[in-house]
There are 2 protein chains.
Amino acid sequence: MDESYRTAAGQPDQTHESVTLEDVARLAGVTAMTVSRALKRPELVREETRQRVLDAVRSTGYVPNMLAGALATNRSHLVALLLPTIATSIFTDMVQTMMSTLAASGYQTLLGLTGYLREREEQLVHTLLGRRPDAIVLTGTDHSALTRDRLLKTKVPIIEIWDLTDDPIDMLIGFSHEAVGSAVARHLLHKRYRRFAVLSADDPRGMRRSMSIVEELRRHGVENVPMEILPAPATLQAGREGFARLLERGLPDVIACSTDTLAQGILAEAAKRGIGIPQEVAVMGFGDLSTAAHVHPALSTVRIDGAEIGRLAAEALLQRLEGKPSSPAALRVDTGFTIVDRESA
Amino acid sequence: MDESYRTAAGQPDQTHESVTLEDVARLAGVTAMTVSRALKRPELVREETRQRVLDAVRSTGYVPNMLAGALATNRSHLVALLLPTIATSIFTDMVQTMMSTLAASGYQTLLGLTGYLREREEQLVHTLLGRRPDAIVLTGTDHSALTRDRLLKTKVPIIEIWDLTDDPIDMLIGFSHEAVGSAVARHLLHKRYRRFAVLSADDPRGMRRSMSIVEELRRHGVENVPMEILPAPATLQAGREGFARLLERGLPDVIACSTDTLAQGILAEAAKRGIGIPQEVAVMGFGDLSTAAHVHPALSTVRIDGAEIGRLAAEALLQRLEGKPSSPAALRVDTGFTIVDRESA
DNA sequence: CTGTTAGCGCGTTCAA
DNA sequence: TTGAACGCGCTAACAG
């Protein structure tokens, strides 16, 4: 009987073994409440008892249960971060900066990878909402209708980063991909290139940058710019393949890439084929400041400052979460970008 | 009175606005418990009531509060993943694979970045433990004494990945960095190079690979191998600088790098200086399968399969968390590595 | 098949 | 300065 009853539990015996406030309290000869205060509001507890409590904490190895804490206070100290992928270096600087800034204020980051898929993002938003994050960070501004709805209803602070739009869900920090594209086009025209080509990964923002290049060129009378599109995320190998395909359509003066990684792929394939970069073909990239800074001496590129986006986003969230009740105005920041020419670098 | 009472709350009015089981239950004309069952164990609920419940869920926009659920069941469905950094591509494949495998079984990932710092890891382990994760994944096997202690006491399943050791905390999936180093050395000797150099980032495992190269070379009679060490994480720029410094000590036949990124830095600097790779200097890298697969046609490299590590780790965890109570034996897997020569590729 | 009771661990809110 | 009672939202266990 006893035997069968014990095994009836089914799940492995996850004995609730963890030390609780109560355990610490008993050892310190106080109430759970006092222990809680000693840890969170030390100034409310007499020095002596506080010491007894801290000793008890140490000797028991007590670790506060944030699940319970979050449930009781309705503050999870969790920030949900939705990112397309970490397979490309483009976001790494932003992520590192945002995470460490948040961590410094006691917030942890719950990461969700969308793979540039809106349905995935939709599902992730739903699941992550279950953790009751104190804030949500979304990459991009293009979401499913359902996602937007859910998010607009929530009172959770939301930041969309890495893009601009006229109707953000809440806060917004990013830059215009159309502006990047046309700036690239004008830069290349200014440098007197004649025969252009575009190599793009098919992620939404990369495509917008690329299309914007094409359109700006057209506005300046350049038609029929060859363009190759490869599946996201952009990889070295994709860059090599794309370059090979572009070559079949003739050697251009310059190739504009949606990302530095593709540009580097071109460098690799060019080395293999003995094509001189930038003598025979110039290459232009796009990327995060820290990774792009020294990409390759033969490369020009568009730099964006991922770290700044991460820092601004984290600070805006913290302001909203911990700041004074004075209604925090809607935030909208254009972080801009910089064109770095290999010759001027 | 009423007025002052309301503002006395201090914190911004985080009105507990979220829909609860109770709300749904009321609408569906059942108990909270029935709603819970309808969602988690549908087979225990009559089809008709189940439908009523689901309708109520939809019309209220109910999202289960996993904080409360976790507290009640002592299962958080959270996996803590401690990683040195995401600034290098070396871990990305592992992370993606692990996260998606876990996500498929309803587990979310809590990321902690240690920056290769043991104190940081120690602190992160402490904080993350507060979330009561169902499992913990650590990168590497070298932890502070305190971290080890804490982790050994916990009953939470733990996996150390990306390395091997004789006394793992719990489960272990990785490969030997000493073996990588000596294999690289033998490979290069076999290819008849004479003048060697080593370029390494100063992260612990990278250093072990590099030192192992040097030692194996010494065992074969090659002494005084020049070695440059750069701060972690490895970047393109670090590779360029390191290469420049190595050149000051004379041009070697081959340079072995602790990471592909450094190797690519060498390629960039070599291109700038007009040094032919691999004609004048051969370069050897090290990296994750998917990113290293097509690094550069001029590069040889050591491939490790990050995706496999991620998959194995996730599956081992799931097995332990959801598997049959049959005591899950200690797990230890050597995932090995492959040397890929540019000529044989 | 459904409801009731109790408790997960913590913090808010009073009272002492 | 400290304690007692209660509730956060959910689910295990048992009763019906």
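Chain A is the first sequence line, chain B the second, and so forth, proteins listed ahead of strands; every chain is numbered from 1. Values below: all heavy atoms of this structure, side chains included; hydrogens, waters and symmetry mates excluded.
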For the pair made of CE in A/Met66 and C1' in C/dG9, what is the distance, rounded to whole Å? 13 Å
Can you measure B/Glu22 atom CD to C/dT5 atom P for me and round it to whole angstrom units? 13 Å
Report the residues that fulfil side chain to side chain donor-acceptor pair (under 3.5 Å) with A/Asp142, sequence neighbours left out, ordered by chain and then residue number. A/Arg118
Spacing of A/Arg41 atom CZ relative to D/dT2 atom P, expressed in whole Å: 14 Å
Residues passing the side chain to side chain donor-acceptor pair (under 3.5 Å) test with A/Asp149, sequence neighbours excluded, are none
From CG of A/Leu21 over to C1' of D/dA4, roughly how many Å is that when rounded to an integer? 15 Å
Gap separating the CG atom of A/Leu111 from the CD1 atom of B/Ile86, nearest 0.5 angstrom: 7.5 Å
Value in whole Å for how far the C1' atom of D/dT1 lies from CD of A/Gln51: 16 Å
Give the rounded distance in Å between these two atoms: CZ of B/Arg131 and P of C/dC8. 21 Å
Tell me the bend of the helix from C/dC1-D/dG16 to C/dA16-D/dT1 as the angle between end helix axes, each from five pairs, rounded to the nearest 10 degrees. 30°
Taken in chain and number order and not counting sequence neighbours, the residues that satisfy ring-ring contact (aromatic ring centres under 6.0 Å, His included) with B/His143 are none
Look up atom CG in B/Asp134 and atom CZ in B/Arg320, then write down how far apart they are to the nearest 0.5 Å. 12.5 Å
Please report, rounded to the nearest Å, how far the P atom of C/dT13 is from the NZ atom of A/Lys40. 15 Å
Please tabulate the protein-to-nucleotide N/O contacts below 3.5 Å involving nucleotides 1-3 of chain C, giving atom names and distances.
from: C/dT2; atom 1: OP1; to: B/Arg46; atom 2: NH2; distance (Å): 3.3
from: C/dT2; atom 1: OP1; to: B/Thr49; atom 2: OG1; distance (Å): 2.7
from: C/dT2; atom 1: OP2; to: B/Arg46; atom 2: N; distance (Å): 2.8
from: C/dT2; atom 1: OP2; to: B/Thr49; atom 2: OG1; distance (Å): 3.1
from: C/dG3; atom 1: OP2; to: B/Thr31; atom 2: N; distance (Å): 3.1
from: C/dG3; atom 1: OP2; to: B/Thr31; atom 2: OG1; distance (Å): 2.7
from: C/dG3; atom 1: OP2; to: B/Thr34; atom 2: OG1; distance (Å): 2.5
from: C/dG3; atom 1: O5'; to: B/Thr31; atom 2: OG1; distance (Å): 2.7
from: C/dG3; atom 1: N7; to: B/Arg37; atom 2: NH2; distance (Å): 2.7
from: C/dG3; atom 1: O6; to: B/Arg37; atom 2: NH1; distance (Å): 3.2
from: C/dG3; atom 1: O6; to: B/Arg37; atom 2: NH2; distance (Å): 3.4

Of the listed nucleotides (C/dG11, D/dC10, D/dT11), which one gets closest to any side-chain atom of B/Asn65? D/dC10
Does a donor on one side chain sit under 3.5 Å from an acceptor on the other, for A/Gln96 and B/Thr85? yes
By side chain to side chain donor-acceptor pair (under 3.5 Å), which residues pair with A/Thr165, not counting sequence neighbours? A/Asp167
Any idea which heavy atoms bring B/Tyr107 and B/Leu78 closest together, and the distance? CD2-N, 4.1 Å
Taking every non-hydrogen atom, the tightest pair across B/Gly29 and B/Arg52: O-NH2, 3.9 Å
Indicate whether OP1 or OP2 belonging to C/dG9 is found under 4.0 Å from a side-chain N or O atom of A/Thr20. no
Rounding to a whole Å, what distance do you find between A/Leu71:CG and D/dC10:P? 9 Å
